[in-house]
Amino acid sequence: MADVTLTVDGKKLTVPAGTLLIEACKSTGIEIPSFCYYPGLSLQGACRMCLVEVEKMPKLQTACTTPVAEGMVVTTESDKIKQARKAMLELVLANHPLDCPVCDAGGECELQDMTFKYGAAESKFMDLKNHRDEQQWSPVVYFDRPRCILCYRCIRVCGEGMDVWALGIQNRNVGSVIAPNKEDHLECEECGMCIDICPVGALTSGAYRYKTRPWEMKHVGTVCTHCGDGCKTTLGVRRADTGMEIVRGDNRDKSGINGDFLCIKGRYAFDFANSSDRIQQPLIKHEGKFVAATWEQALDRIASKFKQVLASDGPTAVGVIGSNRTSNEENYLLQKFARLVLGTNNIDHHRTADFPAFASALAGNANATASMRDVFDAPAILLIGNNPTDQHPLLAWQIRTNVRLHRAKLYVVNSYPIKLRRQAAAFAQIASGSEGSVAQFLGGNDAAGDAAVTPQFSREALSQLRDELKNEKDLVVIFGSELRGNDVTALVNFGLAQGAKFICLGDYANSRGAADMGLYPDMLPGYAPVASATSFHEDWVDEIPKSPGLDLLQMVDAAKEGKLKALYVVGSNPIARYNVDPFALSKAFVVVQDMFLTETASIADVVLPIANAYEKGGTFTNTCGDVQMLKKAGEFAGVRNDFECIVRIADRMGYDVHKLVPFGGGGTRADMGQSRGAQSGEADRHAVWLAEHNLEPKMSPYDPTAMLDEIQRLVPGYDISRLGLLSGHDEHTQLVQITGATGSGHPELVLPSNDTLFTSGTLGRYSPTLNSVMERYSTTAAQVAGD
Amino acid sequence: MKFSDQLEQRFATMVTHYPTKRSVLVPMLLYIQDELGAVTDEAIHEIAQRTELTDLEVRNVISYYSMLRTRPVGKYNLQVCTNVSCLLRGADDIFEHCKKKLGIGNKESTPDGLFHLEEVECIGACSWAPALMMNYEFHENLTPAKIDELIDGLKKKEEQ
Ligand code: SF4
Ligand code: SF4
Ligand code: SF4
Ligand code: FES
Ligand code: FES
């Protein structure tokens with residue numbers, strides 16, 4: 001748009017036409033006080049705090065609703081304005097309870113700040129205040145009516161932002177009051193957006209209210225550990241008996257890919273970390289009962305037993321199951337441990353998407369994956385399968401916001417009438433389970449289209465959809481785990497031909513990381529087949545076993561037959577997730593690293609108490625391939641992180657850990673015989689890479705960044721900006737394969753978690769917040785059904 | 001809820017008068033109230049569905065307008081204006097008289113369900129102040145005697 005030049009407080013500035021005066025002022029460092037204005041939401045003009053003088057306009061104007069105009073002369077500080085602001089604040093405070101000493105928002109309240117900066121120290125109001133008791137609207141949302149300043153932010157964010165429309169306004173003028181959709185309570189997505197957007201303490205959360213004062217917490221920005229979207233969440237921690245307790249989650253650090261957004265899980269379901277069910281000591285099973293043990297005893301027992309099995313039955317008799325919620329460093333270390341220390345390819349994890357098929361379909365094409373940020377401003381989006389509102393709340397937010405603010409064109413193909421159809425320009429409700437056929441049809445297989453047709457969705461409509469999609473430039477194609485194997489290939493081929501970018505949806509915080517880091521029996525990190533010659537083969541000192549190992553279900557079968565004698569489970573609960581008969585594992589020696597005595601941990605021989613993702617450093621890769629740093633926020637006495645445990649077990653087994661973790665120099669294979677280039681002579685490749693990247697060698701085998709160095713050096717796509725990562729930015733990786741070989745997808749092993757907004761795998765079961773919300777909605781449902 | 005034929009017809013014609021469906025909300029609420037005596041929960045739900053709004057949004061609108069109500073009031077709704085013009089011409093006394101005569105206060109109904117009394121802002125009859133509205137009927141240049149006449153007349157009509 002054309003630019004407009006105006007004068008603000010004597011300063012000339014040029015901004016694009018259509019810019020709001022308040023934003024124009026902000027861009028030149030002039031603060032206009034405001035309550036109701038909120039970037040990205042519709043304009044309200046309710047609070048009158050943003051009044052400014054505009055030359056030739058008789059009355060003060062609201063800067064939040066006035067667009068700039070050519071030659072405008074604006075004054076933002078004058079006696080008249082000062083007086084107006086004072087009067088506005090006096091009105092706002094007229095019925096405000098001023099209970100700041102006990103208000104959650106005290107110390108970080110916009111009303112306090114405004115009154116401090118612009119307010120009058122006196123009030124002419126002598127009337128009695130109109131008191132109302134605090135109300136609980138849901139397990140999450142509480143409302144303290146007298147504190148409300150009627151800025152309407154909560155209503156707008158819930159309606160426009162969340163597309164839930166659960167909040168409204170009743171009555172008018174002084175009698176106006178924010179109201180929930182079910183008269184005295186809420187039925188909604190419980191995201192807490194309304195609570196955090198409230199400038200005062202009128203909306204408060206069940207999780208945090210009356211718990212502490214804001215200044216008593218330390219704030220740590222890290223990554224949510226629930227779904228695969230990778231929201232940045234700021235955790236407020238304070239000292240507790242068990243270490244550092246997490247008392248609050250929010251997103252005041254709006255630098256993350258999620259901007260303003262967090263769902264209930266990122267905001268409130270950190271509470272599993274404070275659960276009294278957590279294991280605080282290593283446990284060794286003795287005559288069928290767990291007995292608390294020291295770390296030394298437990299590690300010794302594990303190491304000696306692993307060695308014993310290796311000696312008697314060889315490496316094929318041991319297996320490893322990794323996790324979707326451990327860091328990239330831990331996943332990478334775990335598969336390296338399996339392959340080099342145990343000497344086996346028997347390693348797998350709970351797969352929630354067919355990432356190998358996706359990687360192989362992309363066939364090394366660069367710039368073919370979309371980041372979570374791309375979804376926010378792509379001009380067109382195709383969503384096949386999945387229900388992001390439940391399973392990928394941030395993705396759903398990005399799509400909704402893009403449609404709302406940038407008028408993106410959304411195509412939704414699904415066998416259910418998912419909520420995002422409300423934003424769709426075209427919604428195709430196809431026959432149940434025919435997502436794969438649609439992918440094939442798009443890919444050019446006309447016959448496959450028949451399977452998708454329903455009485456409401458005709459063959460012609462399907463063809464029209466394909467034609468329209470073909471005309472979309474810069475399309476982002478997002479698909480759920482309904483698509484696997486060949487269907488993924490067909491869809492990718494269709495999109496690549498027109499330069500589309502893709503997102504393959506996997507379910508947990510680091511599902512993509514687990515896949516990228518090679519928690520597969522037949523693939524190394526970067527989806528390289530184990531048998532092919534890769535840089536890992538060149539680099540690692542010990543041999544990688546050549547033949548593919550057993551997958552998760554095969555391992556269970558082998559254990560049942562007594563062939564698999566030892567199983568090492570890190571942060572996974574296969575017994576519950578895959579419905580495994582616990583008895584199947586009774587003959588094997590089972591080691592479990594977990595926070596809780598899950599179904600799998602209960603049948604283990606040794607259990608190690610483990611720190612969760614909020615209690616350690618490392619990196620996560622979200623489902624789009626955006627890598628972010630974890631920062632340690634909480635602390636829980638008695639636990640260790642998975643990384644340390646794996647290294648220590650290797651050490652106890654007599655393995656030289658230098659060969660596992662590149663620390664302190666040595667351990668990696670030196671290059672001989674090259675005469676040119678950075679890697680000439682006998683240089684240590686790792687040292688050369690570090691020097692090239694201006695990084696120091698790490699000094700401790702327990703330092704996960706040492707592993708990150710190796711990941712960045714060896715795993716295709718991961719050579720991203722360390723500087724960006726360290727400063728808390730998300731860095732997008734490109735899925736680039738090591739070799740052109742096809743990764744065998746094993747679509748039958750993909751088991752989507754089907755989490756809802758209020759569940760989160762095994763972890764979610766230990767969150768009191770999620771439990772209370774689920775209980776609430778299940779009883780409401782039962783009542784309705786009983787009618 | 002099922003709309004009566006009359007409401008059904010009104011909705012069908014009025015919905016064509018506006019560019020968006022939601023615009024028909026306020027007039028429809030008035031027609032519903034005339035027919036049912038109040039906008040009931042069922043009616044709220046029905047009109048919300050038809051205008052593609054949430055029940056909450058319909059409630060927001062009802063609560064904004066004092067002439068819309070969710071609970072039925074007495075058969076004869078006396079709305080006495082006490083705004084400036086009427087005030088200057090003795091509306092306060094008129095209102096007090098109504099209270100005494102009916103034995104009820106502001107926004108209350110008589111036990112027999114016949115009368116409802118309400119103090120309201122300007123009803124646009126300033127030139128003939130003080131004024132009141134009985135349902136949709138205007139009564140102007142009021143005096144206590146005129147009030148008695150009105151109320152007694154209505155009572156008598158009911159007794160017959
Ligand atoms: S918690 Fe979320 S969905 Fe519920 S009322 Fe608040 S903003 Fe709306
Ligand atoms: S509850 Fe908070 S966000 Fe909502 S209108 Fe009141 S002050 Fe604004
Ligand atoms: S959308 Fe996913 S990553 Fe974001 S807060 Fe919710 S569960 Fe966490
Ligand atoms: S910020 Fe402008 S009126 Fe509220
Ligand atoms: S003031 Fe009473 S009718 Fe106008």
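Sequence lines set the chain letters: A, B, ... in the order given, protein chains first and strands last, and positions in each chain run from 1.
The environment of Lys107(B) atom NZ is sparse: at most 12 non-hydrogen atoms of other residues, nucleotides or ligands sit within 6.0 angstrom. Other residues, nucleotides and ligands place more than 12 heavy atoms under 6.0 Å from the CD atom of Gln136(A). Remark: Asn173(A) CG is packed, more than 12 non-hydrogen atoms of other residues, nucleotides or ligands lying under 6.0 Å away. No more than 12 heavy atoms of other residues, nucleotides or ligands shown are found within 6.0 angstrom of CZ on Arg89(B). In the displayed structure, Phe427(A) atom CZ is contacted under 6.0 Å by more than 12 heavy atoms of other residues, nucleotides or ligands.
If you take CD1 on Ile62(B) and CD on Gln170(A), they are separated by 9.0 Å, rounding to the nearest 0.5 Å. For the atom pair CG (Asn181(A)) and CD (Glu57(B)), the distance works out to 10.5 Å, reported to the nearest 0.5 Å. Separating the CG atom in Asn171(A) from the OH atom in Tyr65(B) is a distance of 13.5 Å, to the nearest 0.5 Å.
In this structure the side chain of Arg172(A) reaches within 4.5 angstrom of the side chain of Ser66(B), judged on heavy atoms.
For Leu56(B) against Gly168(A), the heavy-atom pair with the smallest separation is CD2-N, 3.2 Å.
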